[in-house]
Chemist: 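Could you have a look at this structure, given as structure tokens, before my questions?
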Amino acid sequence: MSSILIKNIRQLFGAHPLSMQRLRGAELNQAAKVENAYLLIDNQRIVSFGAMTDCPERADTVLDATDRIVLPAWCDSHTHLVFAATREEEFEMRIRGSSYEEITASGGGILNSARKLQQMSEDELFERSLARLQEAQKLGTGCIEIKSGYGLTVDSELKMLRVIRRLKAVSDVEIKTSFLGAHAVPMAYKNNREEYISLIINDMLPQIAERGLADYVDVFCEKIAFSSDETDRILTAATQFGLKPKIHTNQFNSMGGIETAVKHQAISVDHLEVLNDNEIDILKNSDTIAALLPTAPFFLNDAHTPPARKLIDAGATVALATDFNPGTTPSVSMPFVVSLACIRLRMTPIEVLNAATLNGAAALELSSHFGSLATGKMGSCIITKPVPSLAYLPYAFGSNWIEQVILKGKIV
Ligand code: NIG
Ligand code: FE
């Protein structure tokens, strides 16, 4: 493993002290920056950084970052990156006026993806997913969470989780896995949902736990998926198998998911497009992270957006993620997520960059090794092209301002 010295950095962003494991409320607007800086990475980790006046003399590789910004690699805490095929036919149905919920009710949506995934070989699924992971990495993603949930049978859920395990083995992106068997009720159980819930609790969970195939459990708590009581039962069972919850809730309806998640000390609650003041109160008084996914309502052309300002101003911990999936967000671009969070959620440029790095890492329990540029943390960072300022990054939406990505001390 060789050392990399990045020098003449116009601005180093996100040099939060190691003790800062998450940024709550107003803390999210701290840039923790060093002007005219250097960063030295050796043997995968950051060994030092600081002002150019203290810059070390040599390293195996020296990169000149004149006029460039260096920031931590993104930590994308919510994706469905393993899927069989894209769903542009549903995109066209929505253009013609169908809603996401209507498409779901007619057997499209998640069930459409499940049919295709069940038929695909494990190797093919792995190859397709790996190509997407490589795209994420080029866009600066250094940590990613990947969910199951397009299998919906014991065999196919296990197949998805094994694919994620293979991705972990070959990639420099740090990966965490969530088991999302409770993503949708399969057609075969339409009139007997109890039986499917029992399959999750009594068949899927024990096998997954025994094989160590997941870090977290996820449930889609929503009218078109699972109720808060059903969510509660699944989380109770999963906790007994050592899986902590990260759940989909409040995407289209507020129906008790927040209370249930916080009761089970969920690491994060994700989506929150529809969120009332009482739920904001519950979140601000908890350690559960509000993971916002602004590209999903954007792509669905849904007027509801998560109340990011209210959450931050109340003192909650807010993270940003892509929700990359074939139905509601066919984009793995964190640069686009941070732009949209400024535009639609009224978060500041500093807030979005922190929410997509350190707080994303916290939403994956990875913030002691990733998410900020601190001595001892992993050397996973982004070097921009020459740019005029930090605010330019989310401002220049759709333009590729990333010049180089370094993951765990390796130039990608
Ligand atoms: O996070 N909401 C549930 N799951 C995904 C969508 C899955 C799909 O449509 O395939 C989401 O938006
Ligand atoms: Fe999702």
Side-chain angles (χ1 to χ4, degrees), residues 76-94 98-118 129 132 144-152 156-157 160 164 176-186 216-227 230-231 234 245-255 257 261 266-274 289-302 304-306 319-332 334 337 340 360 363-364:
D76 186 355
S77 65
H78 181 137
T79 83
H80 308 250
L81 177 139
V82 173
F83 57 86
T86 52
R87 302 212 308 257
E88 53 275 26
E89 65 286 354
E90 293 177 9
F91 175 59
E92 291 197 74
M93 285 166 78
R94 279 198 306 281
S98 307
S99 73
Y100 179 74
E101 285 142 302
E102 283 161 7
I103 294 168
T104 299
S106 64
I110 295 163
L111 296 181
N112 175 358
S113 280
R115 271 190 302 275
K116 292 175 184 158
L117 187 135
Q118 288 160 4
S129 304
R132 296 178 200 126
I144 201 166
E145 181 253 24
I146 308 177
K147 300 172 191 297
S148 71
Y150 291 130
L152 308 183
S156 294
E157 283 296 305
M160 280 189 87
I164 302 171
K176 288 269 186 136
T177 310
S178 299
F179 164 58
L180 177 56
H183 199 190
V185 177
Y216 302 109
V217 63
D218 191 350
V219 176
F220 186 17
C221 181
E222 186 53 62
K223 281 189 184 159
I224 54 172
F226 295 86
S227 71
E230 291 166 342
T231 303
I234 295 165
K246 284 171 68 69
I247 81 161
H248 280 79
T249 190
N250 295 56
Q251 183 174 11
F252 305 112
N253 298 281
S254 160
M255 40 182 272
I267 304 298
S268 70
V269 282
D270 303 34
H271 272 293
L272 319 185
E273 282 89 324
V274 177
I289 294 171
L292 311 182
L293 318 167
T295 43
F298 170 76
F299 184 72
L300 296 179
N301 199 19
D302 183 343
H304 294 107
T305 49
L320 288 167
T322 60
D323 195 16
F324 178 42
N325 75 77
T328 68
T329 309
S331 161
V332 78
M334 284 297 282
V337 167
L340 210 55
L364 295 176

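Small disclaimer: the values here were computed from a predicted structure and weren't measured. Atoms within a ligand are numbered from 1 in the order they appear, just like the ligands themselves. Positions are given from 1, in the same order as the sequence printed here.
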Chemist: Please indicate whether F91 has more than 12 foreign heavy atoms, meaning atoms of other residues, nucleotides or ligands, lying under 6.0 Å from its CZ.
Modeler: no

Chemist: Can you give me the closest heavy-atom contact between I164 and S148, atom names plus distance?
Modeler: CD1-N, 4.3 Å

Chemist: Check each protein residue for a heavy atom under 4.0 Å from ligand 1 and list those that pass, ordered by chain and number.
Modeler: H78, H80, R87, Y100, I110, Y150, H183, F220, H248, Q251, H271, D323, N325, G327, T328

Chemist: Atom CG in L364, atom OG in S178: separation rounded to 0.5 Å?
Modeler: 8.0 Å

Chemist: Let me confirm one number: the OG1-CE distance from T79 to M334, rounded to the nearest 0.5 Å.
Modeler: 10.5 Å

Chemist: On the 0 to 90° scale, with breaks at 30° and 60°, tag the H78-H271 ring pair as parallel, tilted or perpendicular.
Modeler: perpendicular

Chemist: Just checking, is any N or O donor in the side chain of S156 or Q118 under 3.5 Å from an acceptor N or O on the other one?
Modeler: no

Chemist: Please determine which of N325, D323, T322 meets the side-chain hydrogen bond (donor to acceptor under 3.5 Å, both in side chains) test together with H80.
Modeler: D323

Chemist: Under 2.8 Å from the Fe ion (ligand 2), how many protein N/O/S atoms can be counted?
Modeler: 4

Chemist: To the nearest 0.5 Å, how far apart are CE in M93 and CZ in R87?
Modeler: 10.5 Å

Chemist: Fit a plane to each ring of F83 and Y150, take the angle between them on a 0 to 90° scale, and name the class: parallel (under 30°), tilted (30 to 60°) or perpendicular (over 60°).
Modeler: perpendicular

